[in-house]
Number of protein chains: 2
Amino acid sequence: MSDALEILGDRYSLPILRELMYGFHRFTDLAALTGAPRTLLTGRLRRLEEAGAITRTQYSQHPPRFEYHLTAAGADLLPVILTLKEWGERHTGDHEAKTVFVHRCGAALHPVVTCGACREDVRPGEFVVEDGPGGGHPSATDGTDH
Amino acid sequence: MSDALEILGDRYSLPILRELMYGFHRFTDLAALTGAPRTLLTGRLRRLEEAGAITRTQYSQHPPRFEYHLTAAGADLLPVILTLKEWGERHTGDHEAKTVFVHRCGAALHPVVTCGACREDVRPGEFVVEDGPGGGHPSATDGTDH
DNA sequence: CGGGTCAGTCCAGAAACTGGACCGACTGGA
DNA sequence: TCCAGTCGGTCCAGTTTCTGGACTGACCCG
């Protein structure tokens with residue numbers, strides 16, 4: 001996760017990706033929609049491109065003009081954005097969401113995280129934290145106490 | 001989502017919450033595990049407390065000692081952390097995860113986001129973005145350039 | 001008595017962010 | 001033809017934030 005936050009851990013990267021998902025692809029649009037200063041936006045777009053989350057393609061030759069699109073890896077951030085949006089609406093003052101996601105089933109999309117293996121909902125306390133091959137925590141022990 | 005990122009949008013807030021989920025509750029542990037400078041950690045913990053994601057409780061009187069615990073709102077960030085962890089392992093060099101989540105069903109926990117209404121997996125393109133009551137995007141939805 | 005633990009604070013230098021001005025190559029309208 | 005506007009940036013100076021090491025004060029353990 002630390003690696004992910006190295007790329008996404010700031011106030012603008014996820015909003016940029018979100019606007020790309022919404023269908024905006026141009027620099028000026030992204031600047032206006034996210035509120036990011038243009039200098040900062042330039043840097044973030046470069047970093048996201050380098051990380052493989054977006055592509056930068058030239059759509060006009062002589063006045064050089066570019067547009068940004070999600071890669072497969074970038075589109076894969078959809079679950080992160082959905083769950084973050086859901087949390088914001090539930091636990092911050094952000095009750096009147098500016099946008100609503102409507103699933104193809106017709107209902108407003110409220111994401112639920114399930115276990116890929118057994119398909120059951122995942123709740124705090126229903127899993128255990130174990131050390132992986134990369135070497136784990138100093139004294140991870142119990143994981144779920146409270 | 002912007003409100004959520006106002007609180008969580010930096011390199012340390014989510015790691016702090018993650019370590020709390022893993023069962024670490026003391027200032028020094030959090031500093032060591034996240035790598036956050038102590039001054040910064042102090043600020044983040046105050047902000048998360050103010051946002052209602054964690055509580056700070058005194059467990060020793062005379063040498064004042066405190067420990068931090070997740071509130072219900074904080075625990076509700078589990079889906080965000082799970083999906084972010086999953087993305088990091090899939091799309092960054094973070095293949096050898098230091099920790100593995102094992103679901104109570106016995107399998108390694110790979111989160112899948114489903115629609116709360118129809119229970120189907122959510123994939124890019126299987127939903128529509130619409131303006132909500134809060135007033136929406138200038139010209140959202142279609143994705144075609146104007 | 002000495003060392004360690006714990007939850008911080010303080011400080012100075014480095015890095016990042018901010019917002020406004022500016023740019024060059026066009027395009028559209030009168 | 002002239003003028004305003006668009007687009008994707010860059011440049012700059014001032015402000016804020018981050019960083020990491022040193023320090024503190026009350027306790028606990030041997």
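In what follows, chains are A, B, ... by sequence order, proteins preceding strands, each numbered from 1.
Side-chain atoms of W87(B) come within 3.5 Å of backbone atoms of A73(A) as a donor-acceptor pair (strictly under, hydrogens ignored). Counting only distance, with no hydrogens or angles, the side chain of T71(A) and the backbone of A53(A) share a donor-acceptor pair below 3.5 Å.
If you measure from atom CD of E67(A) to atom C1' of dC7(D), you get 13 Å, rounded to the nearest angstrom. Computed from coordinates, the L41(B) CG to dC6(C) P distance equals 14 Å when rounded to whole Å. The nearest whole Å value for the distance from the CG atom in L45(B) to the P atom in dT9(C) is 11 Å. If you measure from atom CZ of R38(A) to atom C1' of dC7(D), you get 8 Å, rounded to the nearest angstrom. Here the P atom of nucleotide dA7(C) and the CD1 atom of I16(B) are 14 Å apart, to the nearest Å. The nearest whole Å value for the distance from the CG atom in D29(A) to the P atom in dT6(D) is 12 Å.
With sequence neighbours excluded, the residues forming a side chain to side chain donor-acceptor pair (under 3.5 Å) with D10(A) are S13(A), R44(A), R47(A), listed by chain and number.
Each salt bridge (charged side-chain N to carboxylate O under 4.0 Å, His left out) pair with one or both residues in residues 56-83 of chain B, not counting sequence neighbours, appears once here: R90(A)-D76(B).
One distance of note links CZ of R18(A) with CG of L5(B); it measures 8.0 Å at 0.5 Å rounding. Atoms OG1 and CG, from T83(A) and L82(B) in turn, are 9.0 Å apart once rounded to the nearest 0.5 Å.
Side-chain N/O atoms of R26(A) include one lying less than 4.0 angstrom from OP1 or OP2 on dC7(D). Taking side-chain N and O atoms only, Y68(B) has a distance below 4.0 Å to OP1 or OP2 of dG8(C). Contact annotation: R65(B) does not reach the phosphate of dG25(D) (side-chain N/O to OP1 or OP2, under 4.0 Å). For dT9(C), neither phosphate oxygen OP1 nor OP2 lies less than 4.0 angstrom from any side-chain nitrogen or oxygen of R46(B). A sub-4.0 Å separation between OP1 or OP2 of dC27(D) and a side-chain N or O of H62(B) is present.
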Could you pull out all donor-acceptor pairs under 3.5 Å where a side-chain atom in residues 103-115 of chain A meets a protein atom, sequence neighbours excluded?
{"residue": "R104(A)", "atom": "NH2", "partner": "E120(B)", "partner atom": "OE1", "Å": "2.6"}
{"residue": "H110(A)", "atom": "ND1", "partner": "E86(A)", "partner atom": "OE1", "Å": "3.0"}
{"residue": "H110(A)", "atom": "ND1", "partner": "E86(A)", "partner atom": "OE2", "Å": "3.1"}
{"residue": "T114(A)", "atom": "OG1", "partner": "V112(B)", "partner atom": "O", "Å": "3.1"}

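Residue M1(B) comes nearest to I81(A) through the heavy atom pair SD-CG2, 4.0 Å, listed as atom of the first residue, atom of the second, then distance.
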Task: salt bridge (Lys or Arg N to Asp or Glu O under 4.0 Å) between K85(B) and E89(B), intermediate numbers included - done: CA-CA 6 Å; K85(B) 181 178 191 298; E89(B) 283 163 24; 2.6 Å; yes

Task: Per-nucleotide protein contact string for nucleotides 11-18 of chain C (B base, S sugar-phosphate only, - none; heavy atom under 4.0 Å) - done: B-----SB

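Within the 4.5 Å cutoff, the side chain of T42(A) has heavy atoms near those of the F27(A) side chain. A 4.5 Å side-chain heavy-atom check between Y68(B) and E19(B) finds every atom pair outside the cut-off. Two residues are said to be in side-chain contact when any heavy atoms from C-beta on lie closer than 4.5 Å; Y59(A) and R26(A) meet this criterion.
For the pair F66(B) and P64(A), both in contact range of DNA chain C, the more 5′-proximal nearest nucleotide belongs to F66(B).
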Could you list, one pair per line, each protein nitrogen or oxygen that sits under 3.5 Å from a nitrogen or oxygen of nucleotides 28-30 of chain D, together with the distance?
none

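Contacts between residues 48-60 of chain A and DNA chain D, defined by a heavy-atom separation below 4.0 Å, involve R56(A), Y59(A), listed by number.
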